[in-house]
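We name chains A, B, ... by the order of the sequence lines, and we start the count at 1 in each one.
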2 protein chains.
Amino acid sequence: MRRTKAEAEETRSSIIRAAERVFYAKGVSNTTMEDVANAAGVTRGAVYWHFSNKTDLFLELYNSVPMPQEDMIAREIEQPGREVLCQIEKAAGDWLGELAGDEQRQRIFSILLRCEYGEELMPVLEKQQEVDDRHTASLERAFSRARSEDALGTSWTPQSATRTLRWMMKGLCSEWLLFGRRFDLEAQGREGLKHLFSSFREKAASIGSPPD
Amino acid sequence: MRRTKAEAEETRSSIIRAAERVFYAKGVSNTTMEDVANAAGVTRGAVYWHFSNKTDLFLELYNSVPMPQEDMIAREIEQPGREVLCQIEKAAGDWLGELAGDEQRQRIFSILLRCEYGEELMPVLEKQQEVDDRHTASLERAFSRARSEDALGTSWTPQSATRTLRWMMKGLCSEWLLFGRRFDLEAQGREGLKHLFSSFREKAASIGSPPD
DNA sequence: ATTTTAACATACAGCTGCGTTTGTATAAAT
DNA sequence: ATTTATACAAACGCAGCTGTATGTTAAAAT
């Protein structure tokens with residue numbers, strides 16, 4: 001039964017969406033192509049028609065979602081509204097809110113966190129790393145602006161602030177995603193951000209000396 | 001060629017150590033029992049003599065390492081030296097130093113971080129979770145003591161401080177382990193801890209209001 | 001109206017890794 | 001000194017998954 005081009009494109013994307021669900025449910029390396037086909041309501045023939053193998057399917061899945069972790073900063077920041085640190089804090093908090101409300105993103109992120117990157121999937125890792133680096137650079141520029149506006153506490157450097165923020169965000173999201181979403185991501189996240197940015201803003205650097 | 005009991009025990013542990021290396025190098029689900037056997041210099045027969053299957057081998061590997069993330073607090077804390085917050089900070093920093101100096105721990109942690117837990121490996125996840133919970137509780141008690149000694153800034157609660165510290169530690173270690181150890185874990189980690197604990201100690205809560 | 005080709009379903013061959021079985025030499029038990 | 005059980009090596013069978021080849025139907029192209 002030959003389908004029309006639109007129909008074909010639809011089955012293709014339905015296969016991708018099915019892969020997303022199955023990868024999320026069973027793990028990438030534990031799912032077979034037939035699993036994906038069944039979940040999509042087609043046969044392996046259709047899957048192999050649209051994708052050459054599982055790695056390719058994974059790649060296309062990764063590309064199908066619009067810039068998984070791109071933004072977070074790029075949009076709101078850069079244009080000097082007013083308080084830079086407040087903008088970063090707001091952007092980070094909003095990003096958490098979006099993640100908390102978007103189940104597809106949650107699945108994608110979980111898959112990317114979990115899957116074992118063995119040789120074949122290295123392009124994905126590299127792309128992730130590249131996006132990460134761009135994102136880090138953007139954050140550092142923002143914190144540098146905060147510094148030049150004398151808004152960043154003297155005990156922080158733009159680099160250390162960037163790293164600490166990113167570590168906290170990553171740990172937060174990992175724990176939430178991988179351990180059953182057992183707390184309110186946005187609420188707890190915003191609270192943590194509030195404290196952290198409070199420290200970013202501290203003028204009097206009363207850094208305690210680590211003992212011994 | 002029947003071996004003596006001591007020899008047998010040695011091949012058993014050599015298989016476990018081989019599994020550790022191969023799991024780390026190729027990922028758990030991408031390694032076959034023959035891979036492990038080859039890396040250990042034996043045949044699959046020996047592997048299947050000592051372990052019933054790959055899951056069992058993984059479990060035994062997990063059990064063979066003395067409490068992967070147990071401690072970090074339990075030892076130094078609890079006994080009231082003096083400054084509680086300093087003790088926690090020191091314990092966390094020391095823990096980072098130990099991780100940075102112990103390649104076996106690095107491998108184990110990397111394996112545990114990125115392996116796909118599918119049904120069979122759930123016991124490992126549960127045990128991890130249990131250790132995590134005990135650890136969190138221990139941290140919360142320590143921060144509670146800090147609070148009762150009026151050493152914890154008023155804007156923090158023992159719970160929020162615990163969570164933030166754990167998130168940062170987790171993000172820090174994840175990034176370091178999974179992305180090629182491209183920075184100095186102990187140095188950068190201690191610096192981040194210094195800033196964070198500085199915030200923990202802040203008396204004047206100048207929490208900025210998140211905009212909008 | 002035919003021909004071609006896209007979009008699949010179905011069938012097939014091949015291999016890989018798994019778990020088991022069998023063989024065997026030797027340590028340990030009697 | 002036998003016997004027995006242990007600690008493996010080697011061989012076997014097989015189920016599952018992959019990739020491809022072939023079949024089929026209908027949409028496009030001519």
5' priority, DNA chain D, between B:Glu9 and A:Arg44 [closest heavy atom]: B:Glu9
Sugar-phosphate, base or nothing in reach of B:Thr43, heavy atoms under 4.0 Å: base
Residue mapping more 5' on DNA chain C - nearest nucleotide basis, B:Lys54 or B:Lys5: B:Lys54
Minimum-distance nucleotide (side-chain atoms of A:Ala8 versus C:dA7, D:dA5, C:dC18): C:dA7
5' priority, DNA chain D, between A:Asn30 and A:Gly45 [closest heavy atom]: A:Asn30
Residue mapping more 5' on DNA chain C - nearest nucleotide basis, B:Thr4 or B:Glu34: B:Glu34
Separation of atom CH2 in A:Trp49 from atom C1' in D:dG23, rounded to whole Å: 14 Å
Criterion salt bridge (Lys or Arg N to Asp or Glu O under 4.0 Å) on B:Arg166 and A:Glu175, from CA distance to verdict: CA-CA 10 Å; B:Arg166 287 178 43 76; A:Glu175 179 131 342; 3.8 Å; yes
Which nucleotide in C:dA7, C:dA25, D:dA9 has an atom nearest any side-chain atom of A:Arg2: C:dA7
Distance-only side-chain donor-acceptor flag, B:Thr162 / B:Glu140, under 3.5 Å: no
Parallel, tilted or perpendicular, as decided by the 30° and 60° cut-offs, for the rings of B:Phe58 and B:Phe23: tilted
Euclidean distance, A:Leu152 CG relative to A:Ser160 OG, rounded to 0.5 Å: 7.5 Å
Phosphate OP1/OP2 of C:dC8 contacted by A:Arg3 side-chain N/O (<4.0 Å): yes
Phosphate-side-chain proximity, B:Thr11 and D:dC8, N/O vs OP1/OP2 below 4.0 Å: yes
Nearest-Å distance for atom pair CD1/C1', residues A:Ile15 and C:dC8: 10 Å
Contact under 4.0 Å: B:His50 side-chain N or O vs D:dA7 OP1/OP2: no
